[in-house]
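Residue indices begin at 1 and follow the sequence shown.
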Amino acid sequence: SFEICKRYADMDKRIVAISGSHRGVGSARNLGIDIAKGKYVTFLDSDDWFDPDYLDIAFKKITTTGVSIYRSGLRRMPTNTSLALTESICASCQSISEDTFVLLIKQNYITSVAGAVISRLVIGDIRFDTSVTMGEDMRFVFDVLRNCPDTVYADSNAYYNYRMREGSLTAGVDQRK
C-alpha cells in the first residue's frame with residue numbers, strides 16, 4: 001500500500017513514494033524514469049519482489065563487466081519455477097547473434113523489464129508507450145537495446161520473483177512461443 005511505501009521513504013531518502021490516479025503501468029514507469037536520480041533504473045511490479053541481495057549482485061556485475069544493461073532470470077511464484085538461462089551471457093547489444101537473440105526472447109529476458117537494471121544514459125529519452133496495455137515492456141526493451149552502445153549481461157540466476165496470478169493480463173500468454 002502507499003502507506004507502507006511512505007514509511008520506507010521516510011526511513012530512506014533514496015526512496016520516493018508517489019501517489020496518483022491509475023494511468024497504467026507504462027505511465028507509472030515513465031514517471032519513475034523521469035524522477036530517478038541514480039545512474040541506473042530498475043523496475044519492480046507491485047506484486048513481485050527481488051531477492052534481498054539482488055541489487056548488490058547486479059551492481060557488482062555492472063561494475064566488474066562494464067555493461068549498460070544487467071538482466072536476471074525470473075522465478076515464477078507460487079510455483080517456484082525459474083525462467084532462466086542455463087548459463088550467463090555477456091553480449092554486444094549491437095551484434096547479438098540471431099540464435100542468442102531468439103534464446104533471450106524465449107527465456108523472457110528481453111520481453112520484459114522485470115529483473116533488468118538499465119543505465120539511465122542508455123535509456124535517454126526512451127519511454128514506455130502509454131497508448132498500449134500489453135507489450136509495452138518488449139517495445140521499450142527493444143528500443144533500449146538499439147540505443148545501447150556496448151553490452152548486456154544476462155544472468156543465469158533468478159533474483160526477480162514474479163508472482164503469477166489468475167486473471168492477470170499475462171496469465172494467458174504462452175511465454176514459450
Side-chain angles (χ1 to χ4, degrees), residues 14 25-26 28-29 32-33 36 38-124 126 128 134-166 168-177:
R14 297 173 299 171
V25 69
R29 288 178 176 163
I33 293 168
K39 292 181 181 179
Y40 299 93
V41 174
T42 191
F43 304 93
L44 179 65
D45 289 346
S46 61
D47 54 352
D48 300 341
W49 68 97
F50 298 140
D51 281 0
D53 54 355
Y54 165 68
L55 293 174
D56 286 335
I57 291 167
F59 185 71
K60 284 176 186 164
K61 190 57 72 175
I62 287 167
T63 55
T64 60
T65 61
V67 299
S68 293
I69 303 170
Y70 169 88
R71 179 64 162 76
S72 131
L74 302 178
R75 187 177 303 112
R76 291 178 170 159
M77 302 307 277
T79 62
N80 200 27
T81 56
S82 289
L83 187 60
L85 299 166
T86 55
E87 61 184 56
S88 299
I89 296 172
C90 191
S92 165
C93 293
Q94 302 304 313
S95 60
I96 294 176
S97 72
E98 184 177 338
D99 289 343
T100 300
F101 193 73
V102 169
L103 176 64
L104 291 173
I105 289 174
K106 285 184 175 180
Q107 292 294 345
N108 204 34
Y109 274 72
I110 56 177
T111 58
S112 168
V113 293
V117 178
I118 306 169
S119 164
R120 282 185 49 224
L121 291 175
V122 171
I123 292 173
I126 299 168
F128 289 86
M134 192 165 176
E136 67 270 31
D137 276 20
M138 186 183 304
R139 182 173 178 179
F140 178 83
V141 172
F142 284 5
D143 289 345
V144 166
L145 285 172
R146 276 197 300 273
N147 199 43
C148 180
D150 47 45
T151 52
V152 59
Y153 186 89
D155 199 323
S156 62
N157 296 298
Y159 301 113
Y160 187 98
N161 298 283
Y162 176 73
R163 186 182 313 272
M164 299 185 67
R165 296 178 294 119
E166 287 289 324
S168 72
L169 276 176
T170 57
V173 177
D174 186 344
Q175 298 288 346
R176 296 166 294 166
K177 292 183 179 179

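For the pair Arg163 and Asp47, the tightest heavy-atom approach, listed with the atom from each and the gap, is NE-O, 3.0 Å. Heavy atoms only, all atoms of each residue included: Ser68 and Asp150 are closest at OG-OD1, 2.7 Å. Considering every non-hydrogen atom in both Phe43 and Tyr160, the closest pair reads O-CE1, 3.6 Å. Across all non-hydrogen atoms, the minimal contact from Asn161 to Asp48 is O-CB, 3.1 Å. Here the shortest heavy-atom pairing between Val152 and Val67 reads C-CG1, 4.2 Å.
Put simply, CD1 on Ile69 and OH on Tyr40 are 11.0 Å apart, with the number rounded to the nearest 0.5 Å. The CG atom of Leu74 lies 8.0 Å from the OH atom of Tyr162; values are rounded to the nearest 0.5 Å. The distance from atom CG of Asp155 to atom OG of Ser72, rounded to the nearest 0.5 Å, is 6.5 Å. Between the CD1 atom in Ile33 and the CD1 atom in Ile118 there is a gap of 7.5 Å [rounded to 0.5 Å]. Separating the OH atom in Tyr54 from the CG atom in Leu44 is a distance of 9.0 Å, to the nearest 0.5 Å. The line from CD1 of Ile57 to CG of Asp51 is 7.5 Å long, rounded to the nearest 0.5 Å.
Atom CZ of Phe142 has more than 12 heavy atoms from other residues, nucleotides or ligands within 6.0 Å.
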message: Would Ile123 and Phe140 count as a side-chain contact (heavy atoms from CB on, under 4.5 Å) here? Give the steps.
response: CA-CA 9 Å; Ile123 292 173; Phe140 178 83; 4.2 Å; yes
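Judged by distance alone, with hydrogens and angles left aside, the side-chain atoms of Arg120 form no donor-acceptor pair with the main-chain N or O of Val41 at under 3.5 Å.
In this structure, Tyr70 has its ring center no closer than 6.0 Å to that of Tyr159.
The side-chain contact (heavy atoms from CB on, under 4.5 Å) check on Val25 picks up Arg29, Asp45, Glu136, with sequence neighbours excluded.
Residues Ser112 and Arg71 form a side-chain contact, since some pair of their non-hydrogen atoms from C-beta on lies under 4.5 Å apart.
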